[in-house]
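Just so you know, these numbers use all the heavy atoms, side chains as well, and skip hydrogens, waters and symmetry mates. If you're wondering where the values come from, they're calculated on a predicted model, not measured in any experiment. Residue numbers begin at 1 in each chain, while the letters A, B, ... track the order of the sequences.
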Amino acid sequence: MSSIKEKFNQISPSEFFYSNRDLAGFSNPTRSLYTAVREFVENALDACDQKGILPDVHLTIKAVEPEKPDPKPYILTVKDNGPGIDAEHIPLAFGTVLYGSKFGLKQARGMFGLGATMAILYGQITTNKPVIVKSCSDGAIQNQFEILLDIQKNKPVIVKHTTKEVSKKGLSVSICLEGDYSKAGNKIRDYVYETSLITPYASITFDDPKGQKFTHTRFVKEIPPPPTIIRPHPHGIDVERIRRMIVESQFEIPVIDDAMIEKVRKDLGLSKKNLSFTAIMDKAKKKWKTLSRQVRVVIALMSFLKMDFEKLNKIKIEDLDIPNKKLFYWDFGDSQSKAVDLDPESQYYKQLTNTVQGEPLTTFLTKRFQRIGPTTAVKFAEFAKFKPEKRMGTLTNQELVQLSDSLQKFDDFMAPDSSCLAPLGEEPLEKGIKKFFNPDFTAVVQRPPSAYSGFPFIVEMGIAYGGDIKSGGPHVYRYANRIPLLYDEGSDVVLKVVNDTDWGRYKVKGDPPFIIVSHICSTRIPYKTAGKENVADRQEIERELRLALQFLSRKLAAYMSKRGQADMAKKRANLYAKYIPLIAEFCTELAGKKKAPNYQKILDENAVDNTVKPKKDEKEESVIGNN
Amino acid sequence: MATTKEKNKIKERGKKADEKQKNILEMLKSHGAKIYDDLDNGQFPKFSIPSRSVSNIVYDKKLRQYILGNNAAVRSSRNSAQLRSFTQLMWLAFFANRLTHEKKSSTLRDVYYSSQAFAIEFEDQSESDNIIVDLEAVTSKPREDFHIFPEERSSIFGDLNIEYTIPGYEGKSMNLSNHPDGYSIGPSLTTAELVDTSAEIVIAIEKGGLFTRFVEEQIDKKFKSIIINTGGQAPRSTRTLLKRLHDEMGLPVIVLTDGDVYGEHIAMVIKSGSANAAHLRELTVPDAKWVGVWATDIEKYKLPTIPMTESDIKRCYDLQKDPRYQDGIWKKELDVFLRLKRKAELEAFSKYGLTNITDKYLPQKLELAKSL
């Protein structure tokens with residue numbers, strides 16, 4: 001048998017991502033450069049969005065040694081006019097994996113600020129250069145950091161820290177990383193282009209390594225309302241989340257130390273001199289209504305311990321065993337654990353149980369979840385077969401699972417609150433499409449909020465036809481939380497819905513010059529992979545996409561048939577103009593006339609007449625027989 | 001030197017030809033005038049055209065041929081789907097008018113190419129051929145009347161005097177037994193006046209090879225006949241000529257074909273026309289007689305045979321549905337073909353010697369024809 005012992009190590013998050021970097025889109029120099037651009041640009045836009053600042057984002061990519069062949073090191077810099085980051089947070093924010101400000105439940109481009117740190121990590125392992133962060137959050141002092149990551153410890157190493165005076169707020173992040181611009185360039189330019197379509201209120205510039213400058217100026221002056229942080233929806237919850245929420249809601253038994261005893265004395269209005277247990281309890285009874293919760297709990301405990309302050313000093317409360325109605329405490333004098341029985345008839349018993357057993361179910365539901373009122377809470381309790389006054393702290397593991405299941409299954413909860421979402425809005429979307437494609441026809445729609453698994457989402461969609469759009473469509477522009485999705489379109493739910501559509505039914509034929517812009521906003525986009533490039537076909541999302549597309553397709557069909565009619569009338573007028581003069585010429589000679597008949601009248605009338613419908617062509621069928 | 005009587009006859013015949021030309025031109029003019037007036041009155045011109053669809057082709061027992069029923073469609077220049085064919089037809093009328101006026105003839109292919117001089121487009125010749133049939137249907141006149149002829153492929157031989165009416169040859173006469181290869185049946189022959197003949201019968205034969213044999217064997221003299229090579233299915237000009245020989249000269253017509261279902265149908269088309277030309281009534285010789293080669297002859301004369309193909313058999317079943325094949329030899333022979341599932345060619349008689357067909361078979365058949 002082998003004598004080698006298995007070694008169990010705990011690895012740090014940064015160590016984990018170092019080993020699994022393709023999970024986050026850093027699989028090769030091409031993809032990594034693109035992903036790094038994305039992460040920094042998205043962070044910049046997010047920062048501005050949240051403070052309601054119209055974003056000015058500058059992206060620069062410079063080759064360190066331009067003449068070297070790809071892949072090679074590039075310096076990637078993204079600069080914004082956002083709120084900046086306070087100096088004390090900078091090392092942790094840029095030098096730690098899984099540190100960030102995006103853990104609440106609201107829509108943002110990134111979830112955890114993980115990607116940016118991954119980019120920094122990737123840059124460091126490929127070029128061994130620190131990240132350079134320049135931040136000014138007060139409009140006066142700019143902090144400049146050079147930071148390296150200690151991957152094993154998941155800790156930042158500050159290489160250099162300087163400050164200088166500036167006049168503008170904002171953040172600039174610069175990393176050196178190995179990339180392949182010759183291959184990634186197209187995607188990066190597409191990304192910047194498509195981002196500016198869905199972020200029409202931002203100005204984005206891009207200086208590429210070949211000296212080209214791409215400028216996208218804002219053409220919408222108002223920033224859409226920022227999303228708010230919301231409480232969770234019951235459909236989006238699991239057992240672990242409930243357990244944590246119960247713990248948060250419980251009121252702990254206060255530690256009875258000198259400070260606490262002093263507080264009780266003061267609140268009861270007692271002098272320094274010691275009172276007997278009974279006297280204390282009398283005083284407490286009189287003043288009960290004015291006492292704080294903490295003090296009430298201490299008094300309740302004392303009622304069962306039957307101790308004065310002197311004695312209280314010598315014990316420590318260990319446990320309150322409500323099911324067995326016992327109170328355990330440690331006696332320092334005897335150095336042993338002791339127990340007293342709790343009298344359930346006592347008026348103080350309820351005070352204690354309330355404390356340890358937490359809120360009743362209905363209170364828990366109305367206070368901790370979004371959009372649940374007392375009526376719904378009672379209805380739910382009945383549905384889940386719990387007493388409405390059931391204390392959350394008394395739930396057994398089994399009951400917890402039952403509660404969690406019931407929360408998923410109960411259909412009468414209101415739809416999730418969508419105030420945490422930030423769709424672009426129909427008007428800016430339409431403006432963007434018109435500006436980018438100069439189409440002959442545009443239609444946009446924003447679907448009402450919906451939800452999958454308790455996560456609210458909104459689908460916005462636009463359709464455009466003709467104008468500057470290239471033929472061979474429909475070309476689909478996919479967005480999720482204002483991020484353009486450029487890779488892996490084959491398996492995306494939007495593509496699925498578009499491909500399922502029979503465009504012939506909507507009078508769209510051949511190689512139409514035709515685009516679709518689809519934007520899904522959600523507190524959680526169900527990406528298929530960690531690379532965040534394609535959305536899974538969740539039934540609820542697919543349905544909303546389908547409804548949006550059908551609505552727009554009908555509008556397109558109306559346009560197409562109108563256009564078809566106009567085309568037809570024009571075509572017919574052309575035919576008349578071509579053939580009628582010939583007929584006139586021939587019949588003039590046939591009739592033996594000198595002058596041609598005046599046919600101009602019918603040409604003039606029918607150039608504008610759309611009402612004539614062509615009859616079914618009377619084509620002769622094949623005839624039998626020979627010859 | 002021609003006698004006064006003969007001169008008068010020539011004059012009369014010339015007058016007749018002029019009359020015919022005048023009628024055609026008048027008819028075209030009246031069609032043209034109607035369209036001219038419509039245009040001048042600010043209206044889209046239109047006209048009625050008999051439907052040539054299968055459902056509108058019916059067999060007329062009295063006329064003993066296929067004719068078009070009463071269904072007609074309106075072709076309107078207002079209808080953009082019909083505008084093109086409307087214009088094509090107008091052009092064709094215009095072109096036919098010029099041809100007739102100038103006494104020039106043209107072929108189907110010639111028409112197709114001529115259109116290009118007038119910015120009229122036909123996709124292919126079959127489209128222009130179809131328009132020509134449209135013109136025939138509208139005017140109820142065969143295209144030959146408009147001086148449009150098919151390519152020549154059939155020929156005639158025998159003692160028949162004719163007199164040309166075409167420009168440059170007016171009054172010039174010809175005897176059709178002067179050239180042993182026969183005379184090809186083209187526009188000049190079709191439009192020629194038939195003056196006189198010593199023949200008592202017209203023998204139409206399907207094959208060029210046998211036609212030559214018949215000339216060599218002087219069948220024209222031996223049986224006082226005019227021999228016509230139909231070259232397979234008889235072209236319309238040949239059918240016109242057959243009709244004229246029958247109607248104008250009072251000659252009976254007999255038809256000799258290969259011993260197969262197609263041969264039987266060649267004879268039937270000469271007799272009662274084709275569905276394709278149901279819009280025309282001047283192409284049939286209802287009294288024409290098919291004398292062979294019959295299916296029963298195959299057995300009777302023990303002719304060498306070849307098996308029928310799938311399509312031969314299918315054709316038999318198709319013809320069984322045709323009202324003309326419901327009785328008499330037409331039905332009987334068809335049934336025998338189907339029973340034998342074999343066929344024989346005219347040349348099969350060569351098994352018994354080169355002249356067997358003319359020496360033995362033909363005399364027997366001519367005798368038989370009298371009783372048919």
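Ranked by heavy-atom pairs under 4.5 Å with chain A, the first of B:Trp91, B:Tyr36, B:Phe86, B:Phe95 is B:Tyr36. The candidate from B:Pro45, B:Ser85, B:Ala93 with the greatest count of non-hydrogen atom pairs under 4.5 Å with chain A is B:Ala93. Of the listed residues (B:His31, B:His101, B:Arg84), the greatest number of heavy-atom pairs within a distance under 4.5 Å of chain A belongs to B:Arg84. Put simply, of A:Ala584, A:Ala596, A:Pro597, the one with the most heavy-atom pairs under 4.5 Å next to chain B is A:Pro597. Looking only at heavy-atom pairs under 4.5 Å with chain A, the residue among B:Leu83, B:Leu89, B:Asn97 that has the most is B:Leu83.
Of the atoms belonging to B:Asp38, not a single heavy atom falls under 4.5 Å from chain A. The part of B:Arg98 that comes within reach of chain A is its side chain, from C-beta onward, which places non-hydrogen atoms under 4.5 angstrom from that chain. In this structure, no portion of A:Lys571 lies under 4.5 Å from any heavy atom of chain B. Only the side chain of B:Ile120 has a heavy atom closer than 4.5 Å to any heavy atom of chain A.
A heavy-atom distance below 4.5 Å is found between the side chains of A:Leu590 and B:Met90. Counting only heavy atoms from C-beta outward, the side chains of B:Leu39 and A:Ile580 approach each other to under 4.5 Å.
For the atom pair SG of A:Cys587 and CG of B:Asp37, the computed distance is 8.5 Å after rounding to the nearest 0.5 Å. The distance from atom OG1 of B:Thr87 to atom CD1 of A:Ile583, rounded to the nearest 0.5 Å, is 3.5 Å.
Between A:Phe586 and B:Phe118, the angle of the ring planes goes over 60°, which puts this pair in the perpendicular group of the 30/60° scheme.
For B:Phe44 and A:Tyr576, the distance between ring centers is under 6.0 angstrom.
By the 6.0 Å contact criterion, CG on A:Asp500 is enclosed, its count of non-hydrogen atoms from other residues, nucleotides or ligands being greater than 12. Around the NZ atom of B:Lys243, the shell of radius 6.0 Å holds more than 12 heavy atoms that belong to other residues, nucleotides or ligands. Within 6.0 Å of CD on B:Gln116 lie more than 12 heavy atoms contributed by other residues, nucleotides or ligands. Heavy atoms of other residues, nucleotides or ligands lying less than 6.0 angstrom from CZ of B:Arg64 number more than 12. Within a 6.0 Å radius of CD in A:Glu427, no more than 12 heavy atoms belonging to other residues, nucleotides or ligands are found.
Taking every heavy atom of both residues into account, B:Gly32 and A:Ala591 meet most closely at C-CB, 3.8 Å.
Salt bridge status for B:Lys29 with A:Glu589: absent, with no side-chain N to carboxylate O gap under 4.0 Å.
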